[in-house]
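Just so it is clear, the model here is predicted, and its values are computed rather than measured.
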Amino acid sequence: MNILKSLYNHKKSKEAFTYIEVIVSLLIIALLAGLLYFSYAICIKGINSSRKSVKESIEWLNTDSLIRKKIEQVSIPFWVTDYEYSFSSNSLTLSWINGINNSETLNIPEIFKIQTIETIDAENDSIKGLIVKYQYKNTDYELKALFASRSFGSSQI
């Protein structure tokens with residue numbers, strides 16, 4: 001009987017959590033997890049937007065570089081006075097590529113629209129380059145590129 005009495009009189013331990021404390025801590029964890037989820041979703045949306053912007057910038061830079069390199073390959077001999085070129089909204093045809101009298105057409109993506117092409121004139125009434133004005137995603141751009149120079153004997157064009 002003495003043992004039963006001692007067990008009965010034994011004080012309850014205060015080391016355990018009550019149900020309310022456990023429920024409150026679970027609610028706090030759930031709220032923090034919800035905030036973390038929404039922060040993560042916003043972060044992923046920003047990353048995807050950045051990727052799209054970078055992809056568009058790369059497309060623009062590649063096409064701009066392609067047009068510039070093709071113009072820089074033009075090498076007009078000094079005896080040619082009129083340079084012939086043509087363009088449409090999505091193509092550019094240039095002659096005298098690498099000093100050879102033939103025409104090459106450069107097709108550009110549909111999202112680019114060539115608006116105008118002007119010549120850059122040198123002091124001696126020869127053409128030394130082109131100015132290509134084009135539109136990409138409703139924004140106007142201007143590209144200036146000089147032709148390659150080609151030597152003929154002692155003269156340099």
Of Thr63, Asp64, Asp140, the residue whose pairing with Tyr134 passes side chain to side chain donor-acceptor pair (under 3.5 Å): Asp64
Stepwise side-chain contact (heavy atoms from CB on, under 4.5 Å) test for Leu66 and Lys70: CA-CA 6 Å; Leu66 187 67; Lys70 189 53 76 175; over 6 Å; no
Rounded distance (nearest 0.5 Å) linking atom CD of Gln135 with atom OH of Tyr141: 10.0 Å
No-hydrogen, no-angle side-chain donor-acceptor test under 3.5 Å, Ser103 and Ser95: no
Aromatic ring proximity Trp96/Phe147, centre distance under 6.0 Å: no
Flag for Glu59-Tyr136: side-chain donor and acceptor within less than 3.5 Å: yes
For Ile117 against Leu92, the heavy-atom pair lying closest together: CD1-CD1, 3.1 Å
Within-4.5 Å side-chain heavy-atom neighbours: Val74 and Tyr83: yes
Ile23 and Leu27, any side-chain heavy atoms less than 4.5 Å apart: yes
Where Phe87 and Thr116 come nearest, the two heavy atoms and their spacing: CZ-CA, 3.9 Å
Atom CD of Glu84 with >12 non-hydrogen neighbours under 6.0 angstrom: no
Within-4.5 Å side-chain heavy-atom neighbours: Asn90 and Lys113: yes
side-chain contact (heavy atoms from CB on, under 4.5 Å) between Leu130 and Leu94, intermediate numbers included: CA-CA 11 Å; Leu130 293 176; Leu94 301 172; 3.7 Å; yes
Lys55 side chain near Lys52 side chain, heavy-atom distance below 4.5 Å: no
Test item: Ser49 and Lys45 side chains (from C-beta on) under 4.5 Å apart, heavy atoms: no
Residue pair Ile131 / Leu143, side-chain heavy-atom distance below 4.5 Å: no
Expected output: side-chain Ser39 to main-chain Leu35 donor-acceptor under 3.5 Å: yes
Where Lys144 and Arg68 come nearest, the two heavy atoms and their spacing: O-NH1, 2.7 Å
side-chain contact (heavy atoms from CB on, under 4.5 Å) evaluation trace for Ile111 with Trp60: CA-CA 10 Å; Ile111 199 161; Trp60 172 75; over 6 Å; no
For the student: nearest non-hydrogen atoms of Ser91 and Ile108, plus distance: N-CG1, 4.4 Å
